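Notes follow the structure.
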Amino acid sequence: MKIDVLTLFPEMFTGVFGSSILGKAADKGIVELNAVNFRKYSTSKHGTVDDTPYGGGGGMVLKPDPIFAAVEDLLASSQQYSEESVEHQTEIPLSVDSQVSSSVQPRIILMCPQGETFTQQKAEELSREQHLIFICGHYEGYDERIREHLVTDELSIGDYVLTGGEIPAMTVVDSVVRLLPGVLGNENSAVTDSFSTGLLEYPHYTRPAEFRGMKVPDVLLSGHHANVEKWRREQSLLRTLERRPDLLEQAELTQAERRWLALQESQSKTAE
């Protein structure tokens, strides 16, 4: 996979892209990570990338021309990357719209508060792509033509405002890359993470078996794998019920599990 991030502050990504899981994935050649300063695509001698909004109002708006030029350049490199990866040649189209619909089809992702809320399911979807391009904005917002004619996705990481799109982009990149085959030491880790199954993850324990009078549940020490899996499933269901009951509406549960949850909820209300 190749991931490009268009930003005015590429230095923000140095530590993130070079450390921990992302750094190891890059070292293994599983993913190529690039932070690109789109200011260099400005046609202004001062490197201007923003301007005042038509119609008046506060703040500055990111101009379309540097963003379009940066994406077009990345699309051309994406075509070359695809040819090297799948060993076939395709003529590079001239327009942005036709480039987006080419055989490469990178996902061009605008990080913005108005976008679709990012979820684990979205991370899994994006992890199946070959090339992702993130656009990180600053100032008041983007020229609407960027949104209408360039991007394929708009993503938000929550209902709050940040200084720019860099931290949200880091969040999405980390979430996506850890799902790529070979990135995590234990391939089951990503499968059993919270939200991957539609539920919150079960509790974890490690040595010592007793610490300051606090003991690990006996079932985890029993060596009985079926009982351990049953306990973990029940704990996952219970934790989701207590902390994120909204997730249960879409979760794939058996009738027995739904009856068990109803019993737990009833007992909890009785205890109150």
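On a predicted model such as this, the values are computed, not experimentally measured, just so you know. Count residues from 1 along the sequence. Only heavy atoms go into these numbers, but all of them, side chains included; no hydrogens, no water, no symmetry mates.
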Side chain to side chain contact (heavy atoms under 4.5 Å, CB included) test vs V172 passes for just one of L132, V177, L126, namely L126
Can you tell me if CZ on R258 sees more than 12 non-hydrogen neighbours from other groups inside 6.0 Å? yes
R39 side-chain N/O to G47 backbone N/O, donor-acceptor pair under 3.5 Å: yes
Does L253 share a hydrophobic cluster with L263, counting links as ILVMFWY side-chain heavy atoms below 4.5 Å and allowing steps through other members? no
H204 atom NE2: more than 12 heavy-atom contacts under 6.0 Å: yes
Do F68 and L110 belong together in a cluster built from hydrophobic side chains that touch within less than 4.5 Å? yes
What are the two closest non-hydrogen atoms of V216 and P208, and how far apart are they? CG2-O, 4.0 Å
Are V219 and H224 packed together at the side-chain level, in the sense that at least one heavy-atom pair is separated by less than 4.5 angstrom? no
Quick one: CG on L247 to OG1 on T119, what's the gap to the nearest 0.5 Å? 10.5 Å
Any ion pair linking R233 and E229 (charged N to carboxylate O, less than 4.0 Å)? no
M60 versus T52: any side-chain heavy-atom pair under 4.5 Å? yes
As an exercise, state the distance from CG of L199 to CG of L238, rounded to the nearest 0.5 Å. 11.5 Å
Using a 4.5 Å cut-off on heavy atoms from C-beta on, say whether the side chain of L62 contacts that of V49. yes
Between T48 and D50, is any pair of side-chain heavy atoms under 4.5 Å apart? yes
State whether the side chain of S156 and the backbone N or O of G158 hold a donor-acceptor pair below 3.5 Å, judged by distance alone. yes
Is a side-chain N or O of S77 found less than 3.5 angstrom from the main chain of L74, in a donor-acceptor match? yes
Quick one: do E125 and K122 make a salt bridge, cutoff under 4.0 Å? yes
Do V176 and E129 have side chains that approach each other closer than 4.5 Å (heavy atoms only, starting at C-beta)? no
Heavy atoms only: give me the nearest Y142-G137 pair and the separation to one decimal. OH-N, 2.9 Å
Any donor-acceptor pair under 3.5 Å linking the side chain of S127 with the backbone of E124? yes
With sequence neighbours excluded, tell me which residues meet side chain to side chain donor-acceptor pair (under 3.5 Å) with D27. none
Hey, quick one: are M170 and L22 part of the same hydrophobic cluster, counting side-chain heavy atoms closer than 4.5 Å, chains of contacts allowed? yes
For atom OH of Y54, is the number of surrounding heavy atoms from other residues, nucleotides or ligands below 6.0 Å larger than 12? no
If we ignore hydrogens and angles and just use 3.5 Å, is the side chain of S268 paired with the main-chain N or O of E265 as donor and acceptor? no
Are E144 and R147 close enough for a salt bridge, meaning some N to O gap below 4.0 Å? yes
Does atom CD1 of I167 have more than 12 heavy-atom neighbours, drawn from other residues, nucleotides or ligands, at distances under 6.0 Å? no
Answer yes if F13 and I30 sit in the same cluster of Ile, Leu, Val, Met, Phe, Trp and Tyr residues linked by side chain heavy atoms under 4.5 Å apart, and no otherwise. yes
With a cut-off of 6.0 Å (strictly less than), are more than 12 heavy atoms of other residues, nucleotides or ligands near CG of D246? yes
Has K215 got more than 12 heavy atoms of other residues, nucleotides or ligands less than 6.0 Å from its NZ? no
Heavy-atom count around Q267 CD within 6.0 Å, excluding the residue itself: above 12? yes
Taking all atoms of both residues into account, what is the closest heavy-atom pair of V173 and F134, and its distance? CG2-CE1, 3.7 Å
When rounded to the nearest 0.5 angstrom, what is the spacing between CG in L248 and OG1 in T240? 5.5 Å
CD/Q250: more than 12 non-hydrogen atoms of other groups inside 6.0 Å: no
Side chains of F118 and P168: does their closest heavy-atom pair fall under 4.5 Å? no
Roughly how far, to the nearest 0.5 Å, is the CG atom of L180 from the CD1 atom of I3? 7.0 Å
Under 3.5 Å, is there a donor-acceptor pair between the side chain of S236 and the main chain of L200? yes
Between V5 and C136, the two heavy atoms sitting closest are CG1-SG, 3.6 Å
Donor-acceptor pair, S42 side chain versus F38 backbone, under 3.5 Å? no
How far does CG of D143 sit from CG of L150, to the nearest 0.5 angstrom? 11.0 Å
Interatomic spacing from CG in N34 to CZ in F17 - rounded to 0.5 Å: 8.0 Å
Which heavy atom of R239 sits nearest a heavy atom of P203, and at what distance? NH2-CG, 3.5 Å
